[in-house]
Number of protein chains: 2
Amino acid sequence: MNMNDESNDRKINMKMLAKELNLSIATVSRALKDSYEVSDQTKARVKEAAARLNYVVNTQASSLRSHKTYTLAIVVPEIGDSFFTQVINGIESVADKKKYRVLICMTHDSYEREISVINELTNGRVDGVLISVASNTRNGDHFNALKRKGIPILFFDRDFKEINAASVKTDDFESAYNATCHLLDNGCKKISLITVRGGVSIFSAREEGYRQALIDNHSKPGLPDIIHCANEHSDDNIAMIRDHLLKARPDGLLLTVEHLSTDAYTACQLLGLKIPADIKIACFTTQLTAGILNPALTTIQQPAFEMGQKAAELLIEYLTYKYIQLENQHLVLPSRLILRDSTSLT
Amino acid sequence: MNMNDESNDRKINMKMLAKELNLSIATVSRALKDSYEVSDQTKARVKEAAARLNYVVNTQASSLRSHKTYTLAIVVPEIGDSFFTQVINGIESVADKKKYRVLICMTHDSYEREISVINELTNGRVDGVLISVASNTRNGDHFNALKRKGIPILFFDRDFKEINAASVKTDDFESAYNATCHLLDNGCKKISLITVRGGVSIFSAREEGYRQALIDNHSKPGLPDIIHCANEHSDDNIAMIRDHLLKARPDGLLLTVEHLSTDAYTACQLLGLKIPADIKIACFTTQLTAGILNPALTTIQQPAFEMGQKAAELLIEYLTYKYIQLENQHLVLPSRLILRDSTSLT
DNA sequence: TTTATTTACGTAAACGTTTACATTTTAAAT
DNA sequence: ATTTAAAATGTAAACGTTTACGTAAATAAA
């Protein structure tokens, strides 16, 4: 590698390509975009030179001028959650095919951070936003601001119902209902729901499914029994669950969110409770490790990857041909109840 | 909300702010950046108006002009891996403080995708790149191209040794050595290493640690015994491990990467092998679920979050004050061996 | 008072694209 | 050969910032 290499490589733009080829910048730009206005021969020349000189378009200049970024924002509470990870992979898989990029943003499940993340996105960095809202989001002004700037929004999994926007969700009510029935069928008399604080609709839907299953099965007094944890893995959660196990003595637990499985298992361990003999547990999660836990965990497995795919397809469809009425699109994908040892008959 | 709101909100830029305030665009720009060239009174007026009108700077225009993006790229094989997730969170935590954003890119552990991701980043989208290389990356031209464009690069965890660049890693040799010794101490006579294909230096370092521990402890013939899996969770891996368990009959396994734990546990289950009675297992992982597996898994826990923090601090330090010689920075952080039931004496 | 310095602002040229519009070249129609 | 249409290219103005440079007003130094 000589000094020439070094200096040549520093910033090669269309102007240089144009000079190299004795063409105007306009023609170079069009050739690179396969415009019908430029001859095949010129296209070939331009592309050859671009490849040879390692030219890569400056997306900032490009989108500044064209108002198109070919980028989708994905806003999630956390990426340390197998569900969101799989959704992201689903989104990325279709985005990639359609020549879109993704910008992953985390809110750390905080309403305030969500506002600032969304506000940042109003500046034209992205063409659209796919979001799973924070559990304590209590107002949708930031979403409306985004919509008013003409940036379409689509909710996946956790939506915010006051906002009129497209959504892709799972059948939370039904799957919680079915899981509760399964626990009842396998002999549970006293099932508690362990869920998280915050007003996210999917959690209330899961709660409703749990309640309805109890009603339909003539549950004993003292039920429903619901406790609310923090929406992150924590020692407080373990203590809270342990106290509940001691006081209420449930023989079944339905956990509404992935990270609660570790806390619930730990609490049972601390008390010497045997799963499933003393207490049966089912959890909403997509973690692959569920099958090798002690004991293997019965899960309500959501179609996370597919959810991401559907969400991205919908949004990109809208961005490409504006003819679909995005706001009216509401998809519901079915979850699967995967039976494992943690709820088996003893 | 009336029609006025709707239309007012659509695109508010510095020009409009300037007109609203009877100032020049330059003064508005400077006021928003707290330049010493503008009076406190004017700054206050500008900021008030900006807040009132929901102005947010167009980062594309800004970085196009200033050649500063205040964005770091994080390039990882996968985000569905607790280690990378935690590193990302570490990076983000310090980036946030220093007013940097992060752009997360996945290579899906493919050399080809890595090239295209890195090439995309040469166009000025980011100020620097933090990367953990794909396991089959066999050439560093794409990294050199990036460096030649003046974009600094820093490797975390998985580096590419032919490239002269900063790195933040863990003590792979020592921790593999210690884990192997621990297995030997607890009675293992025949320990196999389960690792992944590809020429990433951290895997060879872990392999060397394993080898050296065997040598130092006068291991039996037939050792070292090493098998190479695909670098993703797969049924092939399970089959491969099962075959190995049948043929070689090891009484100890050292797993070099997180996702192998599920495969190894599953393979043992299939063969009816009891952990730790029949076989003891230790694994490099940062997963929280390790403690509730069946049985709880002994882990070499890497300081993932801290690694992210250190990496980001180093890179941002360099970007802010160019006086440190980035390429000469090589940090090694110690891992911790967490003893659990999967390797306990029986 | 005059001159020098400091403070606060304005002007205008970039940054690297895209694209409406104009122009030239080539081919087709008369 | 002339006119008309189509194809290929060029010109120049945007997109929304930042910043070098210039200038006027206010203050300090002479």
Side-chain angles (χ1 to χ4, degrees), chain A residues 9-47 49-50 53-71 120-127 149-150, chain B residues 9-47 49-50 53-71 120-127 149-150:
Chain A
D9 247 42
R10 278 199 92 77
K11 322 233 148 145
I12 142 100
N13 56 22
M14 280 193 178
K15 203 170 180 176
M16 293 181 173
L17 266 187
K19 191 178 294 172
E20 168 94 9
L21 293 162
N22 253 332
L23 284 173
S24 72
I25 296 182
T27 303
V28 172
S29 173
R30 284 189 278 244
L32 292 172
K33 313 195 104 48
D34 265 328
S35 161
Y36 66 96
E37 290 182 286
V38 17
S39 70
D40 289 349
Q41 187 196 332
T42 305
K43 277 183 192 171
R45 281 182 62 218
V46 172
K47 287 176 182 175
L53 299 175
N54 283 315
Y55 170 77
V56 19
V57 68
N58 182 312
T59 50
Q60 299 163 149
S62 171
S63 61
L64 174 61
R65 174 57 228 250
S66 67
H67 298 286
K68 249 301 218 175
T69 65
Y70 286 96
T71 304
E120 272 235 8
L121 294 175
T122 58
N123 70 356
R125 265 170 100 91
V126 298
D127 296 341
K149 301 265 182 182
Chain B
D9 248 43
R10 278 200 91 80
K11 322 230 151 145
I12 141 101
N13 55 23
M14 280 194 178
K15 203 169 179 177
M16 293 181 173
L17 266 187
K19 191 178 295 172
E20 169 94 11
L21 293 161
N22 255 332
L23 286 171
S24 73
I25 297 182
T27 303
V28 172
S29 174
R30 283 190 278 245
L32 291 172
K33 314 193 106 49
D34 266 325
S35 162
Y36 65 96
E37 291 182 284
V38 20
S39 71
D40 289 348
Q41 188 195 333
T42 306
K43 277 182 191 171
R45 281 182 64 218
V46 171
K47 286 176 182 175
L53 300 175
N54 282 314
Y55 171 77
V56 18
V57 68
N58 182 311
T59 49
Q60 299 162 149
S62 170
S63 62
L64 175 61
R65 175 56 227 255
S66 67
H67 298 287
K68 249 301 218 179
T69 66
Y70 286 96
T71 304
E120 273 235 6
L121 294 175
T122 57
N123 69 358
R125 266 171 98 89
V126 297
D127 295 341
K149 301 267 179 178

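Proteins get letters first, then strands, A, B, ... in listed order; numbering begins at 1 in each. All of these numbers come straight from a predicted model, not from anything done at the bench.
In this structure, NZ of Lys68(A) is placed 24 Å from P of dG16(C), rounded to the nearest angstrom. Rounded to an integer number of Å, the gap from Gln41(B) CD to dT7(C) C1' is 14 Å. For the pair Asn22(B) CG and dA8(C) P, the computed distance is 19 Å after rounding to whole Å. Between the C1' atom of dA14(C) and the CG atom of Leu64(A) lies a distance of 13 Å, rounded to the nearest Å. Per the geometry, CG belonging to Leu21(A) stands 11 Å off P belonging to dT9(D), to the nearest Å. dG16(C) atom C1' lies 11 Å from atom CG of Asn123(B), rounded to whole Å. Following rounding to the nearest Å, Asp40(A) (CG) and dT9(D) (C1') show an atom-to-atom distance of 15 Å. Summarising the geometry, the separation between NZ on Lys19(B) and P on dG16(D) is reported as 12 Å, rounded to the nearest angstrom.
Annotation: salt bridge (charged side-chain N to carboxylate O under 4.0 Å, His left out) contacts involving residues 21-32 of chain B, sequence neighbours excluded, comprise Arg30(B)-Glu37(B). Every pair passing salt bridge (charged side-chain N to carboxylate O under 4.0 Å, His left out) that includes a residue from residues 12-26 of chain B is listed here, sequence neighbours excluded: Glu20(B)-Arg52(B).
Using a 4.5 Å heavy-atom cutoff, the side chains of Thr71(B) and Asp127(B) are not in contact.
Checking dT9(D), dT17(D), dG16(C) against every side-chain atom of Thr42(A), the shortest atom distance belongs to dT9(D). Distance from the side chain of Leu23(B) is smallest for dG10(C) among the nucleotides dT18(D), dG10(C), dG16(D).
For dT9(D), neither phosphate oxygen OP1 nor OP2 lies less than 4.0 angstrom from any side-chain nitrogen or oxygen of Ser24(A). For the OP1/OP2 pair of dG16(C) and a distance below 4.0 Å, the side-chain nitrogens and oxygens of Asn13(A) include at least one atom meeting the criterion. Tyr55(B) has a side-chain polar atom (N or O) that falls below the 4.0 Å cut-off from OP1 or OP2 of dT17(D). Contact between the side-chain N/O atoms of Ser39(B) and the OP1/OP2 oxygens of dC9(C) is found at a separation under 4.0 Å.
Checked by atom type and distance alone, the side chain of Lys43(B) pairs as donor or acceptor with a backbone atom of Ser35(B) at under 3.5 Å.
Between Thr69(B) and Gly124(B) the shortest heavy-atom distance is CG2-O, 3.1 Å. The shortest heavy-atom contact between Ser63(A) and Gln60(B) is OG-OE1, 2.8 Å.
Along DNA chain C, the nucleotide closest to Val38(B) and the one closest to Ala61(B) are compared, and the more 5′ of them pairs with Val38(B).
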Exercise for review: Mind running side-chain hydrogen bond (donor to acceptor under 3.5 Å, both in side chains) on Thr59(B) and Ser62(B) for me, showing each step along the way?
Suggested key: CA-CA 5 Å; Thr59(B) 49; Ser62(B) 170; over 6 Å; no
**Study point:** Trace of the salt bridge (charged side-chain N to carboxylate O under 4.0 Å, His left out) decision for Asp34(B) with Lys47(B)
**Key:** CA-CA 10 Å; Asp34(B) 266 325; Lys47(B) 286 176 182 175; 2.9 Å; yes
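Applying the side chain to side chain contact (heavy atoms under 4.5 Å, CB included) rule to Asn22(B) yields no partners; only residues at least two apart in sequence or on another chain are considered. Taking the ring pair (Phe, Tyr, Trp, His ring centres under 6.0 Å) definition, one finds that Tyr55(A) meets it with nothing, sequence neighbours left out.
For the helix from dT1(C)-dA30(D) to dT30(C)-dA1(D), the angle separating the two terminal helix axes comes to 50°, with each axis derived from five pairs and the value rounded to 10°.
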When you compare the protein's N or O atoms with those of nucleotides 19-23 of chain C, which come within less than 3.5 Å of each other, and at what distance?
{"unit_1": "dT19(C)", "atom_1": "O4'", "unit_2": "Arg65(A)", "atom_2": "NH2", "d": "3.2"}

